[in-house]
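So the structure is just underneath, and the comments pick up after that.
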Amino acid sequence: MSLRSQGTALFLLLLSSTMIPAAAQTGKEPSVSGKDFDAAAADQARRYLEEGRETFRFDTFGSEDFWGGKLKLHEAIAGEKLGGKGPGLSPKKALELGLKVEVNAIPKDIAAALAKGEVDLDDPASTLLLLKANAVVGVTGFFGEDGKTLTSVGIQCAVCHSTVDDAYAPGIGHRLDGWPNRDLNIGAIVALAPDLTAFTEMLQVSEADVKKAVEAWGPGKFDAELNLDGKAFRPDGKTSATLNPPAFGLAGVNNHTWTGAWGTVSYWNAYVGNLEMHGKGTFYDPRLDDAEKYPVAARTKQGHKQDKEDRITAKLPALHFYQLSLPTPQPPEGTFDRAAAEKGKALFNDKAKCATCHVPPLFTEPGWNLHTADEIGIDDFQAKRAPDGRYRTAPLRALWNVDKVHKGGFYHDGRFATLEDVVEHYNDHLKLNLSAEEKGDLTEYLKSL
């Protein structure tokens, strides 16, 4: 055989070996069958659901070293009579600040005493009992060896993105994961902390200025970019904080936040876990090195966080999975006029132009769902704080619920108090020329989503 013939034969042999599956070449069975692979996928889904739920509800990511260790918030909660500082935080005051209590976690003896009116809701000691029982949604208390002294406090995802159904009393009920806590006055709680040095040093402002900034947030709002750009207030003097968004109904939705191009759900989980909850972990985003746009983040190198202990990164897959599993709550019977909603649906998809951006059934664009302020007819202050200066097309979710999900209004900052206001805005901005009846029908359809 010539060298040329030998080369051709070798080429054909190599070609055939690459086209034949490895198992067929060796005569062995594949290591994982299709059936086994399906079972493994199902098993992972179940495991991720359980692990993600546990993380969402109970994992502090080590944030107790910040909220307790640095801010000493636990001292303000306990009060001076219980080894802390000040008057302490009673259950009554905690509920007024929007903190929620999971009724199923309350020990039976305490629940019985509550029912009889035997628990002093004005006593911080009762708050410590609830913390010890892990009954305060999104907050974990850490106690000393005596089991009574509160030594630190940490927070979970659920503190902002869960509420309760008020089944027992206002603020006390069964968990509603993914529902935004629009009662939670995060800023007022932060202002209770005895030591705000961590914030004064980060922002390079006085303690008075820190308190002025966070106390301006009000119920249901949080400024997730104050730690990046230091802009506590908008040019009109109002707070820069935005509403806590729902964390349900996000499957298939790109860009998790109000404004554009921060990233997906998993990006935002990493961002919040590291830079807002102040947990222990790793976070990388070189965009935060832009000293002109993000002076605070650039100076403090927040885009390059790498703690010795990482209690966040390994939790991100299951946490992401659990959040995507959370369904959008459906409107109860009587929440909207069905006949009007049917007419409104036709308007939504045609004359009113809503479906141009809010594409059913995602009710946001599949793909790059971002728009300039001019396109939606509002100012660009909040958009400019984001990487690409745009607003995300918010997925339309549970618009019927204004008692909890949309308490505080619509849009990122609640500037529109009602759905009617939103419809009127677009009617004017897009020159839709909708009649009063059409606007009413469109509103009823929005309530059905």
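The basis for the numbers below is simple: all heavy atoms, side chains too, and nothing from hydrogens, waters or symmetry mates. The chain is numbered in sequence order, starting from 1. Since the structure is predicted, the reported quantities are computational estimates derived from the model, not experimental observations.
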Selection residues 221-231 - residue pairs positive for salt bridge (Lys or Arg N to Asp or Glu O under 4.0 Å), sequence neighbours left out: Asp223-Arg385, Glu225-Arg385, Asp229-Arg385
Non-hydrogen atoms of Arg182 and Pro245 that approach each other most closely: NH2-CA, 4.4 Å
Ion pair check, Asp166 and Lys404, cut-off under 4.0 Å: yes
Phe363 vs Leu399, side chain to side chain contact (heavy atoms under 4.5 Å, CB included): CA-CA, chis, key distance, verdict: CA-CA 12 Å; Phe363 294 103; Leu399 300 181; over 6 Å; no
Lys/Arg N to Asp/Glu carboxylate O, Asp413 vs Arg234, below 4.0 Å: yes
More than 12 heavy atoms of other groups within 6.0 Å of Lys439 NZ: yes
Candidate pair Trp400 and Phe336, rule side chain to side chain contact (heavy atoms under 4.5 Å, CB included), full reasoning: CA-CA 8 Å; Trp400 54 274; Phe336 62 96; 5.8 Å; no
Lys293, NZ: over 12 other non-hydrogen atoms inside 6.0 angstrom: yes
Heavy-atom closest contact (Leu228 atom, Gln302 atom, distance): CD2-OE1, 4.2 Å
Side chain to side chain donor-acceptor pair (under 3.5 Å) pairs, two or more places apart, involving residues 140-164: Thr140-Gln156, Asp146-Thr149, Ser162-Asp177
Results of side chain to side chain contact (heavy atoms under 4.5 Å, CB included) for Arg299 - residues two or more places apart only: Gln204, Val296
Side-chain donor-acceptor contact under 3.5 Å, Glu420 with Thr443: no
Pair Asp289-His304, side-chain donor/acceptor within less than 3.5 Å: yes
With Asp65, the salt bridge (charged side-chain N to carboxylate O under 4.0 Å, His left out) member among Lys70, Lys280, Lys308: Lys280
Glu64 bridged to Arg311 by N-O distance under 4.0 Å: yes
Residues Glu50 and Arg53 bridged, charged N to O under 4.0 Å: no
Student check: side-chain heavy atoms of Pro329 and Trp179 closer than 4.5 Å: yes
Heavy-atom closest pair, residues Lys238 and Asp236: N-OD1, 3.0 Å
Residues Gln382, Thr259; criterion side-chain hydrogen bond (donor to acceptor under 3.5 Å, both in side chains); working and verdict: CA-CA 7 Å; Gln382 195 65 29; Thr259 50; 5.2 Å; no
Stepwise side chain to side chain contact (heavy atoms under 4.5 Å, CB included) test for Val210 and Val205: CA-CA 7 Å; Val210 170; Val205 298; 3.7 Å; yes
Residue pair Thr197, Asp195: steps toward the side-chain hydrogen bond (donor to acceptor under 3.5 Å, both in side chains) verdict: CA-CA 6 Å; Thr197 304; Asp195 189 349; 2.5 Å; yes
Exam field: side chain Arg287 to backbone Gly303, donor-acceptor pair closer than 3.5 Å: no
Within 6.0 angstrom of Gln306 CD, more than 12 heavy atoms from elsewhere: no
Ring-face cation of Lys315 near Phe61 (centre distance under 6.0 Å, axis angle within 45°): no
Derivation and outcome, side-chain hydrogen bond (donor to acceptor under 3.5 Å, both in side chains), residues Ser266 and Asn269: CA-CA 5 Å; Ser266 55; Asn269 286 339; over 6 Å; no
Lys100 vs Asp183, side chain to side chain contact (heavy atoms under 4.5 Å, CB included): CA-CA, chis, key distance, verdict: CA-CA 9 Å; Lys100 306 298 181 182; Asp183 297 315; 2.8 Å; yes
